[in-house]
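All values derive from a computational prediction rather than experimental measurement. Convention: sequence-line order gives letters A, B, ...; per-chain numbering from 1. These values consider heavy atoms only, across backbone and side chains, with no hydrogens, waters or symmetry-generated copies.
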2 protein chains.
Amino acid sequence: MEQQVENRQVIFKGFIERAPRETDMELKVGRISGGLKAPAGSGAFLVKNLYLSCDPYMRGRMRDSRTSYIPPFVPGQPIEGFGVSKVIDSDDPDFKPGDIVAGFTGWEEYSLIRKTNQLRKIEQHDVPLSYHLGLLGMPGFTAYVGFHEICSPKKGDTVLVSAASGAVGHLVGQLAKLHGCYVVGSAGSSQKVDLLKNKLGFDEAFVYKEEPDLDVALKRYFPQGIDIYFDNVGGDMLDAALLNMRVSGRIAVCGMVSQHSQTNPQGIHNLFNMITKRIRMQGFLQSDYLHLFPLFFDQVTEYYKQGKITYMEDTVRGLEHASAAFVGLFSGRNVGKQVIHVASP
Amino acid sequence: MEQQVENRQVIFKGFIERAPRETDMELKVGRISGGLKAPAGSGAFLVKNLYLSCDPYMRGRMRDSRTSYIPPFVPGQPIEGFGVSKVIDSDDPDFKPGDIVAGFTGWEEYSLIRKTNQLRKIEQHDVPLSYHLGLLGMPGFTAYVGFHEICSPKKGDTVLVSAASGAVGHLVGQLAKLHGCYVVGSAGSSQKVDLLKNKLGFDEAFVYKEEPDLDVALKRYFPQGIDIYFDNVGGDMLDAALLNMRVSGRIAVCGMVSQHSQTNPQGIHNLFNMITKRIRMQGFLQSDYLHLFPLFFDQVTEYYKQGKITYMEDTVRGLEHASAAFVGLFSGRNVGKQVIHVASP
């Protein structure tokens with residue numbers, strides 16, 4: 001008698017051109033025939049997913065566009081994303097049952113991983129496993145690369161971080177403080193602002209929604225102007241920052257979360273300041289800098305163990321809450337890194 | 001009896017917030033008392049102006065704004081700008097009568113130069129004097145710095161130049177060709193396009209006004225995308241270029257001429273491409289790179305003498321036509337560098 005295992009999955013229903021809704025995904029119960037095995041000769045391994053990551057970039061994969069740096073999701077198939085998983089069975093000699101891995105997996109209980117080079121083995125177990133999705137994963141590395149490689153920071157620089165309580169933002173701010181910078185964060189609620197100032201060591205923080213004029217707000221916090229703007233949102237904040245940059249200022253263009261769901265994105269009007277202020281504005285992807293990953297990993301692990309970096313995680317338990325957690329990213333529901341706890345090892 | 005000399009002057013009438021008109025300037029006859037002398041003890045020198053330069057950046061000095069990199073014009077005083085002049089009398093030991101100088105002077109027949117360090121002596125006389133306002137002056141140096149220092153060019157790169165028949169643009173395109181790049185220029189008339197292709201060696205050129213969709217036009221000339229966009233105009237062309245940049249593309253933000261006269265500049269909508277394509281966009285001013293001026297001067301002089309660079313100049317004769325020549329910059333009247341010939345040495 002063939003052994004069948006239930007496999008709950010979060011299915012991507014179809015392409016959208018607006019902000020994601022919970023109903024764009026659907027929880028289904030799939031079945032795995034033949035037991036929890038990696039087929040012989042496949043070179044694949046089968047994992048039990050422990051933690052899954054909700055990241056804003058995933059919204060871009062919900063569009064039917066082949067022009068991005070990453071292919072779109074496949075309608076009818078589980079959402080794909082970063083996860084921390086435990087190997088159950090393996091046909092890849094480099095991985096064995098019991099190994100804990102981090103990298104691309106599916107939004108489901110069990111995944112058969114064929115592109116095994118998209119995951120790395122977690123060798124050390126002295127930080128919580130889920131941290132490999134944030135502090136020591138893509139968002140942490142984005143913060144590290146974006147700040148150190150794109151922003152050309154100097155001690156004493158004035159730094160603005162938008163979406164500052166988000167997965168990337170709250171780490172950028174702390175890296176900037178460790179570098180000797182003056183750091184101001186913008187966030188979407190007074191609770192978040194309180195965390196930034198009182199828990200994460202930001203010099204100042206403000207609720208952007210409560211500012212009638214962002215230009216005025218930035219002049220209040222940066223009377224001498226901004227050296228570095230780490231831009232996670234685009235839109236109005238980018239336009240206001242352009243008005244307040246100092247000569248030779250740098251802008252790292254990271255998330256543009258405010259523009260993710262717009263087919264006709266908002267216009268940026270103040271680019272002329274790039275000439276008069278000689279501003280450098282640069283988009284980047286952490287995946288172009290993977291040669292720096294080991295350096296990042298060791299340094300940030302060390303910062304964390306020494307208590308120099310505080311990491312904020314926002315965890316929901318259960319695959320059934322995954323779609324709500326993901327959608328919440330775009331309304332600013334999460335505080336810090338949004339993670340889904342699917343199962344324990 | 002006191003000696004009086006007539007001095008015709010182009011006077012700046014007052015600040016504006018729209019495109020410049022001829023009536024924003026006024027030709028007046030001033031008088032110089034005491035003859036053509038530099039006052040003893042002043043450290044100044046008195047020049048006869050030979051050539052004056054019309055440059056788009058001067059429009060910014062017609063605004064009542066102290067936030068720019070250069071102060072506004074003074075209402076009631078002559079327009080200030082780059083010129084080539086002959087020293088008539090000098091109280092500065094470094095300059096003597098008969099010296100030819102290039103640098104900041106007034107739009108008038110004779111100017112008393114107090115900031116003598118803003119002019120350099122022209123020692124070689126093997127290129128036409130007026131070329132020190134273009135090919136070997138600020139526009140040429142802007143092209144050189146912008147292309148070599150900002151665009152990080154590599155042999156084989158695909159390069160788009162807007163306002164390609166302008167003072168800066170036509171030199172950028174030729175520097176790019178000398179660097180082994182594929183170069184396409186956009187310009188405002190078929191006459192200019194013809195010059196770009198048949199006289200200056202651009203690989204392709206097109207009339208932007210005749211293109212119903214700039215995105216389509218750029219895809220025609222850059223089926224594999226754009227590595228470098230040297231942006232002299234901003235606006236729609238910048239937005240279309242952002243859609244067509246290749247991964248790791250570079251944009252040098254130079255003139256934004258299309259936005260010069262707008263108090264509420266046009267929005268740029270496609271900045272999201274900066275992330276997916278990892279684009280670097282950088283504003284710059286040639287004055288930040290003056291340490292490279294001698295290198296530029298020697299190299300471009302050499303190119304010119306070897307016939308490797310063609311320089312296009314658009315000359316009007318007489319101060320009375322200065323304001324019309326300046327205003328014409330913003331409607332694309334000029335072909336190449338716009339110069340006013342005031343007098344012969």
Looking only at heavy atoms, which two atoms of Gln266(B) and His269(A) are closest? And how far apart? C-ND1, 3.7 Å
Scan the side chains in residues 133-148 of chain B for donor-acceptor partners under 3.5 Å anywhere in the protein, sequence neighbours excluded, and list what turns up.
residue   : atom : partner   : partner atom : Å
Thr142(B) : OG1  : Met138(B) : O            : 2.8
Tyr144(B) : OH   : Gln299(B) : OE1          : 3.0

Can you tell me how far CG of Leu238(B) sits from CD1 of Ile268(A), rounded to the nearest 0.5 angstrom? 11.5 Å
Report yes if the side chains of Leu271(A) and Met281(B) come closer than 4.5 Å at any heavy-atom pair, otherwise no. yes
Need one label for Leu285(A): side chain, backbone, both or neither, based on atoms under 4.5 Å from any heavy atom in chain B. both
Of the backbone (N, CA, C, O) and the side chain (C-beta and beyond), which part of Asp288(A) lies under 4.5 Å from a heavy atom of chain B, both, or neither? side chain
Residues in ring-ring contact (aromatic ring centres under 6.0 Å, His included) with Phe230(B), at least two apart? none
CZ of Arg21(A): more than 12 outside heavy atoms within 6.0 angstrom? no
